[in-house]
Amino acid sequence: MRKIDKDYSDILSTKYKSWVDTLEANGTKHPLSRTYYDDVAMELYRCQDGVCAYTERWICPRELYDGALWVDGKYVTDDSAEYRRVDHAGEMDHYDPLLKEDQYWLWNNLFMIDATVNSRKDNKPVLNYLKPDLDDYSPEKYFEYDEKTHRYIPNTDLDNTNRTEIQYMIDNVLFLNHGVVRNDRRDLINDIKQKQKNNTPYKIDRFFTALIWCLE
């Protein structure tokens, strides 16, 4: 789970930003209105390079979050275009579910994640220090990758308490080792390793963290 740069000051969805900033300044509970859903979702995809914020599985084509689709601070797209709003496999996740009640649209708590794993996520407690957009977050601090089983495990240098907490997050919140995800990750790693061996060109456009560690 790599670090994500979510620079709030630099987002294209300025109408959403103005709206939510006003709610926050007034201490107003966020409405459940979906007026800015596309604005937030596609902005998050831009930050995440089209992959799930947690598993790094590819879930959105670049054509859907191209910067040219924002006009006057609002995301707009023609549903008759080659790609439509529905042509992505992600769902919006509230990292800390306790914030949903009053701050549903809080930028710092939102990520786009694989719908396959989001359907299994519940209002479970989270470790705030694993939020991937934190300034001091880095995957090396908390995770290792077992290339034999293609599973993420807690950093073995951590104490037992931290390892237990992180393992809980891996299994029940982040779903880094979910079967479908793990199989896709394993297959891509093995494919790229074979291409390296054959001096065949390849590109890394998903599963960045595991690939970088395995190819070092």
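Keep in mind the model is a prediction, meaning the values are calculated, not measured.
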Check: Do Arg206 and Glu56 touch side chain to side chain, with heavy atoms closer than 4.5 Å?
Finding: no

Notebook entry, point to check: Can you list the residues that meet the side-chain contact (heavy atoms from CB on, under 4.5 Å) rule with Thr156, with sequence neighbours excluded?
Noted result: Glu144, Ile153

Note to self: Starting from Leu99 and following side-chain heavy-atom contacts under 4.5 Å between hydrophobic residues (I, L, V, M, F, W, Y), which residues can be reached?
What the structure shows: Leu106

Checklist line | Validation row: Tyr75, Leu64 side chains within 4.5 angstrom (heavy atoms) | finding: yes

Next item on the list: Quick one: closest heavy-atom pair of Trp19 and Pro31, and the distance?
Entry: CZ2-CG, 3.5 Å

Notebook entry, point to check: So, do Leu215 and Gln196 sit near enough that their side-chain heavy atoms are less than 4.5 Å apart?
Noted result: yes

Next item on the list: Report, as yes or no, whether the 6.0 Å neighbourhood of atom CG on Asp159 holds more than 12 heavy atoms from other residues, nucleotides or ligands.
Entry: yes

Note to self: Test of understanding: with side chain to side chain donor-acceptor pair (under 3.5 Å), list the residues that count as partners of Glu216, not counting sequence neighbours.
What the structure shows: none

Notebook entry, point to check: Taking only residues two or more places apart in sequence, or in another chain, which ones meet Cys47 in a side-chain contact (heavy atoms from CB on, under 4.5 Å)?
Noted result: Ile4, Lys6, Trp107

Item checked: Phe111 side chain reached by Lys131 side chain, heavy atoms, under 4.5 Å -> yes

Check: Do Arg2 and Asp49 meet the salt-bridge criterion of a basic N to acidic O distance under 4.0 Å?
Finding: yes

Check: Does one side chain, of Asp133 or Tyr95, offer a donor that lies under 3.5 Å from an acceptor on the other?
Finding: no

Next item on the list: For the residue pair Tyr8 and Asp21, confirm or rule out a side-chain donor-acceptor distance under 3.5 Å.
Entry: yes

Margin query: So Leu176 and Phe143, do their side chains get closer than 4.5 Å, heavy atoms only?
Written below: yes

Notebook entry, point to check: Does Phe175 reach the side chain of Asp114, with side-chain heavy atoms less than 4.5 Å apart?
Noted result: no

Notebook entry, point to check: Do the side chains of Tyr37 and Trp105 get nearer than 4.5 Å, heavy atoms only?
Noted result: yes

Next item on the list: Can you run down the side chain to side chain donor-acceptor pair (under 3.5 Å) pairs that involve residues 179-190, sequence neighbours left out, and say none if there aren't any?
Entry: Arg57-Asp184, Tyr145-Arg185, Asn177-Arg185, Asn183-Arg186

Item checked: Over 12 non-hydrogen atoms of neighbours within 6.0 angstrom of NZ in Lys203 -> no

Checklist line | Contact summary for Asp72 and Lys15, nearest pair of heavy atoms | finding: O-CE, 3.1 Å

Margin query: Are Ile59 and Phe207 connected into the same hydrophobic cluster when the rule is that any two of I, L, V, M, F, W, Y join if their side-chain heavy atoms are below 4.5 Å apart?
Written below: no

Do any side-chain atoms of residues 165-172 form donor-acceptor pairs under 3.5 angstrom with protein atoms, and if so which ones, sequence neighbours left out?
residue: Glu165; atom: OE1; partner: Tyr129; partner atom: OH; Å: 3.4
residue: Gln167; atom: NE2; partner: Asp171; partner atom: OD1; Å: 3.1
residue: Gln167; atom: NE2; partner: Asp171; partner atom: OD2; Å: 3.2
residue: Asn172; atom: ND2; partner: Tyr168; partner atom: O; Å: 3.1

Check: Taking the side chain as C-beta and beyond, is there a heavy-atom pair between Arg163 and Asn155 under 4.5 Å?
Finding: no

